There are 2 protein chains.
Amino acid sequence: MKTNESNPVIKGSLSTIIMKLLENNSRMYGYEMTKAVREITQNKMNITEAALYPALHKLLDEGLLETTTEQVDGRMRKYYALTKKGKKETIVKIDALKDALESVQILLNSKLGNE
Amino acid sequence: MKTNESNPVIKGSLSTIIMKLLENNSRMYGYEMTKAVREITQNKMNITEAALYPALHKLLDEGLLETTTEQVDGRMRKYYALTKKGKKETIVKIDALKDALESVQILLNSKLGNE
DNA sequence: CTCTATACCTAATCAAATTATGTATATGCA
DNA sequence: TGCATATACATAATTTGATTAGGTATAGAG
């Protein structure tokens, strides 16, 4: 099922969100991330797998994540974790995204006309 | 000059930002919007004209904005204003964007691992 | 007479998401 | 037994939206 009737993900923030999840958890697998985002945001945000997996693969290519694969209950699980480089980069990315979010909020909350 | 060394704009939020500016000001021209955004965000965000004008034209096509052109000091100015439809849509869009921003912030501020 | 600011704009490209599928196992339930 | 749902991975085609890189033109400062 391809449920997606929740809020649009803020474009460009997906990779930072992934890295933040992994900063908190040390390792997670893709499907788990989609559930975690729904839970944390109370279903307001939904990461689709079609967006998630390419993003994960890109972060792997960039050397920011590494993987270990396990068999659990007969199903495959590919765990992702931050590399050393990834941990450093996570801090930078979270900071930049917070700044950007704040700027948008300042704009959205501005009351005065600009003369 | 194509200055752009400020924060990346949160992708997908540009049209909402434009509409918010016009909610505050009743009418503005493009170049004025780029300056307003820099001023309000203290240079943290920069709307490039290459992103702005296509976005304005799209909002025009959707019937959310309307224009009036004036000659000021020998230079052309194309003023944009919200239509009735645009005013309604502005409220909806701002609300949706605020929700989305909040969800991202909740994610970025979440401290606990997800078990 | 040149540089900066003002003021509009588009074309080509790139990045990142969505839409639409595809594979496969495990589990609940009727 | 058989079907739906949940788990778990993934890709291809398309669309959307911004970036990069230009272009035109007037006004004013030095």
Side-chain angles (χ1 to χ4, degrees), chain A residues 1-19 27-39 45-62 65 67-80 93 97 100 104 114, chain B residues 1-19 27-39 45-62 65 67-80 93 97 100 104 114:
Chain A
M1 188 181 46
K2 297 295 162 194
T3 40
N4 201 348
E5 205 42 63
S6 47
N7 268 343
V9 172
I10 304 295
K11 300 198 188 198
S13 63
L14 180 54
S15 61
T16 308
I17 289 168
I18 290 169
M19 291 171 83
R27 70 171 202 170
M28 290 181 89
Y29 53 100
Y31 189 74
E32 187 184 12
M33 294 180 193
T34 68
K35 285 190 295 176
V37 167
R38 275 193 297 271
E39 278 164 35
M45 190 184 291
N46 185 46
I47 305 296
T48 62
E49 290 169 82
L52 177 67
Y53 289 113
L56 286 170
H57 299 159
K58 200 192 170 200
L59 291 170
L60 269 180
D61 288 346
E62 292 167 351
L65 301 186
T67 55
T68 50
T69 303
E70 278 179 34
Q71 202 77 11
V72 179
D73 294 328
R75 276 188 241 94
M76 181 176 50
R77 270 190 199 171
K78 199 163 164 185
Y79 284 99
Y80 293 84
K93 281 198 174 194
L97 182 52
V104 177
N114 200 263
Chain B
M1 189 181 45
K2 297 294 164 197
T3 41
N4 201 347
E5 206 41 60
S6 46
N7 267 344
V9 173
I10 304 292
K11 301 200 186 195
S13 63
L14 180 55
S15 62
T16 308
I17 288 169
I18 290 168
M19 291 171 84
R27 71 170 201 172
M28 291 180 91
Y29 54 99
Y31 189 73
E32 188 184 13
M33 294 180 193
T34 69
K35 285 190 298 176
V37 167
R38 276 193 297 272
E39 280 165 34
M45 190 183 291
N46 185 46
I47 304 298
T48 62
E49 289 169 81
L52 176 67
Y53 290 111
L56 285 170
H57 300 157
K58 200 192 169 199
L59 291 170
L60 270 179
D61 288 346
E62 291 167 351
L65 301 185
T67 55
T68 52
T69 302
E70 276 180 38
Q71 201 78 10
V72 179
D73 294 327
R75 278 189 239 91
M76 181 176 50
R77 271 191 198 168
K78 197 162 163 185
Y79 284 99
Y80 292 84
K93 281 198 176 196
L97 183 52
V104 177
N114 200 264

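Predicted, not measured: the structure shown is a model, and the values here were computed from it. In the text below, chain A, chain B and the rest are named by the order of the sequence lines, each starting its count at 1.
Put simply, NZ on B/Lys11 is 13 Å from P on C/dC14, counting in whole angstrom units. For the pair B/Met33 CE and C/dT6 P, the computed distance is 16 Å after rounding to whole Å. What separates OH of B/Tyr79 from P of C/dC8 is a distance of 9 Å, to the nearest Å. For the pair B/Arg77 CZ and C/dT6 P, the computed distance is 10 Å after rounding to whole Å. The distance between atom CG of A/Leu56 and atom C1' of D/dA10, rounded to the nearest whole Å, is 11 Å. Between B/Tyr53 atom OH and D/dG23 atom C1' the separation is 14 Å, expressed in whole Å.
A side chain to side chain donor-acceptor pair (under 3.5 Å) with A/Ser15 is found for exactly one of A/Lys58, A/Glu62, A/Lys93, namely A/Lys93.
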Nucleotide N/O to protein N/O under 3.5 Å, stretch nucleotides 25-28 of chain C:
residue : atom : partner : partner atom : Å
C/dT25  : O2   : A/Arg75 : NE           : 3.2
C/dA26  : O4'  : A/Arg75 : NH2          : 3.0

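Here A/Lys35 does not reach the OP1 or OP2 of D/dA6: none of its side-chain N or O atoms lies under 4.0 Å away. Regarding contacts with the backbone of C/dC8, every side-chain N or O of B/His57 stays at 4.0 angstrom or more from both OP1 and OP2.
Residues passing the side-chain hydrogen bond (donor to acceptor under 3.5 Å, both in side chains) test with B/Tyr79, sequence neighbours excluded: B/Arg77.
When each of C/dA11, D/dT7, D/dA12 is scored by its nearest atom to the side-chain atoms of B/Ala50, the top-ranked nucleotide is C/dA11.
Donor-acceptor pairing under 3.5 Å, judged by distance alone, is absent between the side chain of B/Glu49 and the base of C/dC9.
The nearest heavy atom of DNA chain C to A/Ala55 and to B/Tyr29 marks one nucleotide each, and the one closer to the 5' end goes with B/Tyr29.
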